[in-house]
A.B. asks: 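Once you've had a glance at the structure underneath, I'll fire off some questions.
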Number of protein chains: 2
Amino acid sequence: MKEIPDAKIQAWARLIRAQRVLLERVEQRLKDAGMPPLAWYDVLLELDRGNEGLRQYEIGERILLSKHNLSRLLDRMEKEGMLQRRPCPEDGRGSVVSITAEGRKLRRRMWPEYAAAIDEVFAGKITAAQAGEFSNTLQRLLD
Amino acid sequence: MKEIPDAKIQAWARLIRAQRVLLERVEQRLKDAGMPPLAWYDVLLELDRGNEGLRQYEIGERILLSKHNLSRLLDRMEKEGMLQRRPCPEDGRGSVVSITAEGRKLRRRMWPEYAAAIDEVFAGKITAAQAGEFSNTLQRLLD
DNA sequence: GGTTATTTGTTGCATTTGCAACTATATGGT
DNA sequence: ACCATATAGTTGCAAATGCAACAAATAACC
């Protein structure tokens with residue numbers, strides 16, 4: 001059995017914990033401001049970037065959401081008028097999702113609150129150099 | 001409105017993403033090995049440390065679980081015979097939770113699998129020095 | 001001592017997530 | 001062309017989570 005040094009175990013534990021704590025604070029702040037959860041923002045951001053509309057599976061890959069889950073998230077967002085689904089011309093199975101004007105508006109309204117929250121819980125507590133180093137480490141872990 | 005440098009936004013995004021990806025891999029591995037989710041391990045570990053038994057709220061603080069949620073997690077674990085709840089002598093409202101022999105056995109059985117998973121997704125991808133630095137940064141974020 | 005506010009834990013209800021099954025289309029092999 | 005297999009997305013059902021309301025006991029205040 002592999003012996004993992006305590007310092008690494010501790011780093012692992014802190015990674016899990018810190019992400020949970022910080023993310024929860026951010027979500028709470030959005031909620032307090034009467035805004036939808038972060039997942040909505042993620043979807044809106046991707047849609048806003050992918051101008052021609054995106055296939056569902058593309059969204060799923062980018063925001064790391066399983067397809068059934070995404071399917072229903074999109075249901076909710078579509079019902080609120082934030083996006084549109086239309087059948088995909090090249091692939092009869094799929095649909096193309098695109099953001100509505102309403103969706104763009106929501107995204108723009110969410111960003112300041114989200115940014116303030118990130119600043120409060122994260123960006124304000126770390127220097128640019130530290131953030132760069134931190135980011136590199138995270139990327140290495142993801143590879 | 002605060003302007004957050006791109007590098008910090010990216011670091012934030014990676015923190016969220018990396019934790020999700022790595023944690024999911026670990027959870028999946030436990031599941032594949034026929035074992036309960038990580039939350040069970042966390043509870044068992046705390047109980048194993050706190051020899052005399054712990055109050056529920058103490059467990060909740062340590063593993064960052066809200067009380068209603070914890071209440072039901074403990075229900076499930078108690079039903080499986082991993083722990084015991086008995087009324088607290090000093091405080092008529094609360095209960096004292098303690099681990100059973102069965103619970104200790106489960107924790108010991110889970111650890112090798114969990115450790116191997118941590119090694120695979122985290123510890124094996126980072127040097128001790130990097131882990132130390134990383135850990136410090138996370139701690140700073142948590143303060 | 002009596003009243004009010006807090007804390008501890010549980011429960012009901014709505015929302016979300018995860019899993020497996022399903023439909024429908026597309027792809028690959030022969 | 002035909003059959004098997006894989007992919008895109010949806011849906012039903014079970015499990016987990018979040019929220020608000022609640023009971024019971026303690027602590028705080030006068």
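Order of the sequence lines sets the chain letters (A, B, ...), proteins ahead of strands, with each chain counted from 1. Because the structure is a prediction, the values reported are computed rather than measured.
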A.B. asks: Check whether any side-chain heavy atom of A:Val121 sits under 4.5 Å from a side-chain heavy atom of B:Leu141, and report yes or no.
C.D. replies: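 No, too far: nothing below the 4.5 Å cut-off.
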A.B. asks: May I have the distance from A:Leu64 (atom CG) to C:dT17 (atom C1'), rounded to whole angstrom?
C.D. replies: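 Value for this atom pair: 15 Å.
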A.B. asks: I'd like a list of close polar pairs between nucleotides 1-4 of chain D and the protein, N/O only, cut-off under 3.5 Å.
C.D. replies:
none

A.B. asks: State, yes or no, whether a side-chain contact exists between A:Leu70 and A:Tyr57 at a heavy-atom distance under 4.5 Å.
C.D. replies: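 Side-chain contact under 4.5 Å: no.
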A.B. asks: Using a heavy-atom distance cut-off of less than 4.0 Å, which residues of residues 65-92 of chain A contact DNA chain C?
C.D. replies: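 Residues of residues 65-92 of chain A under 4.0 Å from DNA chain C: A:His68, A:Asn69, A:Arg72, A:Arg76, A:Glu90, A:Asp91, A:Gly92.
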A.B. asks: With sequence neighbours excluded, what pairs up with A:Asn136 under the side-chain hydrogen bond (donor to acceptor under 3.5 Å, both in side chains) test?
C.D. replies: none
A.B. asks: Between B:Ser135 and A:Ala11, what is the shortest heavy-atom contact and its length?
C.D. replies: OG-CA, 3.8 Å
A.B. asks: Got a sec, which residues hit salt bridge (charged side-chain N to carboxylate O under 4.0 Å, His left out) with B:Lys105, two or more places apart in sequence or on another chain?
C.D. replies: B:Glu102
A.B. asks: To 10°, what angle do the rotation axes through the five end pairs on each side of the helix from C:dG1-D:dC30 to C:dT30-D:dA1 form?
C.D. replies: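 Overall, the helix from C:dG1-D:dC30 to C:dT30-D:dA1 bends by 30° from one end axis to the other.
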A.B. asks: Output every pair passing salt bridge (charged side-chain N to carboxylate O under 4.0 Å, His left out) with a member in residues 127-143 of chain B, not counting sequence neighbours, ordered by first then second residue.
C.D. replies: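 Every candidate salt bridge (charged side-chain N to carboxylate O under 4.0 Å, His left out) pair involving residues 127-143 of chain B fails, so no pair, neighbours aside, qualifies.
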A.B. asks: Under the side-chain hydrogen bond (donor to acceptor under 3.5 Å, both in side chains) rule, collect the residues that match up with B:Ser95, sequence neighbours excluded.
C.D. replies: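 Residues passing side-chain hydrogen bond (donor to acceptor under 3.5 Å, both in side chains) with B:Ser95: B:Gln56.
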A.B. asks: Need to verify one output field. Residue with the more 5' nearest nucleotide on DNA chain C, A:Pro37 or B:Val96?
C.D. replies: B:Val96
A.B. asks: Of the non-hydrogen atoms in A:Thr100 and A:Gly81, which two are nearest, and what is the gap between them?
C.D. replies: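 In this case the closest contact between A:Thr100 and A:Gly81 is OG1-O, 2.7 Å.
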A.B. asks: What's the CD-C1' distance between B:Glu27 and C:dC19, to the nearest Å?
C.D. replies: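 Distance, rounded to whole Å: 15 Å.
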A.B. asks: I'd like a table of atom pairs between the protein and nucleotides 2-7 of chain C - only N or O on both sides, under 3.5 Å - with the distance next to each one.
C.D. replies:
from: C:dT7; atom 1: O2; to: B:Arg93; atom 2: NH1; distance (Å): 2.3

A.B. asks: For B:Met77 and B:Leu44, what are the C-alpha separation, side-chain angles and deciding distance, and is it a side-chain contact (heavy atoms from CB on, under 4.5 Å)?
C.D. replies: CA-CA 10 Å; B:Met77 294 180 69; B:Leu44 292 174; 3.8 Å; yes
A.B. asks: Residues in side-chain hydrogen bond (donor to acceptor under 3.5 Å, both in side chains) with A:Arg104, at least two apart?
C.D. replies: A:Asp48
A.B. asks: With a 4.5 Å heavy-atom cut-off, do A:Arg85 and A:Asp75 have their side chains touching?
C.D. replies: yes
A.B. asks: Minimum heavy-atom separation for A:Ile4 to B:Ala123, with atom names?
C.D. replies: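 Heavy atoms of A:Ile4 and B:Ala123 come nearest at CG2-CB, 3.7 Å.
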A.B. asks: Salt bridge check: are B:Arg55 and B:Glu58 linked by an N-O gap of less than 4.0 Å?
C.D. replies: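 No.
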A.B. asks: If I take atom CG in residue B:Leu38 and atom P in nucleotide D:dA16, what distance separates them, rounded to the nearest angstrom?
C.D. replies: 14 Å
A.B. asks: Please identify each residue that fulfils side-chain hydrogen bond (donor to acceptor under 3.5 Å, both in side chains) with A:Asn69, with sequence neighbours left out.
C.D. replies: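 For A:Asn69 there are no side-chain hydrogen bond (donor to acceptor under 3.5 Å, both in side chains) partners, ignoring immediate neighbours.
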A.B. asks: Name each donor-acceptor pair under 3.5 Å that joins a side chain in residues 22-40 of chain A to protein atoms two or more places apart or in another chain, with its distance.
C.D. replies:
from: A:Glu27; atom 1: OE1; to: A:Leu38; atom 2: N; distance (Å): 3.2
from: A:Gln28; atom 1: NE2; to: A:Asp32; atom 2: OD1; distance (Å): 2.9
from: A:Arg29; atom 1: NE; to: A:Glu113; atom 2: OE2; distance (Å): 3.2
from: A:Arg29; atom 1: NH1; to: A:Glu120; atom 2: OE1; distance (Å): 2.3

A.B. asks: Can you tell me the distance, in whole Å, between the CD atom of B:Glu24 and the C1' atom of C:dT17?
C.D. replies: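 Computing the B:Glu24:CD to C:dT17:C1' distance gives 12 Å.
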A.B. asks: Output the residues of residues 53-62 of chain B in contact with DNA chain C, where contact means a heavy atom of the residue under 4.0 Å from an atom of the strand; sort by number or write none.
C.D. replies: B:Arg55, B:Gln56, B:Tyr57
